[in-house]
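Everything numeric in this text was worked out from a predicted model, so none of it was measured.
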Amino acid sequence: MKKEVFLIVFLFLVSLVIRLDNIAARTVFLGDQGVIVSELREALRQGKLPDTGQTHSNGIRLGPVMYYLFAIPYIVSGNNPIGIAVFIALLNAASVVLLFFIGEKMFGEKPAYAVSFLY
């Protein structure tokens, strides 16, 4: 049991290091990312989060959940857009652990480790 917990924690930490290594230099705010940050910045200046999300390429507006999700790390990071990228990296590292647990239930322990380390 201790070995399994150690390997899962190691898996999470390796995943986190890979995703957070030099994240500020690798984050590019083009297109959607830039629009999200600028709209979120304006919404927080006005004191009101948007009621609708971004406009999709076919004219449909997405829901505002994305802004609600990104507002907390944006505020916690001191209005730094890199805070959102770090938050996404944390979620992505957590998804590696989740992938391990799903793979373990479906295929067993060894394939779960293999798939998780590859992801």
| said: Looking at Phe10, I'd like to know if its CZ atom is crowded, meaning that more than 12 non-hydrogen atoms belonging to other residues, nucleotides or ligands lie closer than 6.0 Å. | reply: no
| Taking only residues at least two apart or on different chains, which pairs with a member in residues 41-50 satisfy salt bridge (charged side-chain N to carboxylate O under 4.0 Å, His left out)? | Glu42-Arg45, Lys48-Asp51
| task | Only counting residues at least two apart or in another chain, list the ones meeting side chain to side chain donor-acceptor pair (under 3.5 Å) with Ser77. | result | none
| How long is the gap from CG on Leu44 to CD1 on Ile75, to the nearest 0.5 Å? | 4.5 Å
| Shared hydrophobic cluster, Val9 / Val17 (ILVMFWY, side-chain heavy atoms < 4.5 Å) | no
| query | Any side chain to side chain donor-acceptor pair (under 3.5 Å) pairs touching residues 6-17, not counting sequence neighbours? | reply | Ser15-Arg19
| Which residues pass the side chain to side chain contact (heavy atoms under 4.5 Å, CB included) test with Val76, sequence neighbours left out? | Ile72
Sequence neighbours left out, cut at 3.5 Å: what donor-acceptor pairs do the side chains of residues 96-107 make with other protein atoms?
none

| message | For Leu16, run the side-chain contact (heavy atoms from CB on, under 4.5 Å) check against Asp21, Leu11, Leu90 and tell me which one passes. | response | Leu90
| Relative to each other, are the rings of Phe70 and Phe87 parallel, tilted or perpendicular (30° and 60° limits)? | perpendicular
| note | Heavy atoms of Tyr67 and Leu40 approach each other most closely as O-CD1, 3.9 Å
| Pairs where residues 107-118 contributes a residue and the test side chain to side chain donor-acceptor pair (under 3.5 Å) is met, not counting sequence neighbours | none
| Can you name the nearest heavy-atom pair linking Ala89 to Leu20, along with the distance? | CB-CD2, 3.7 Å
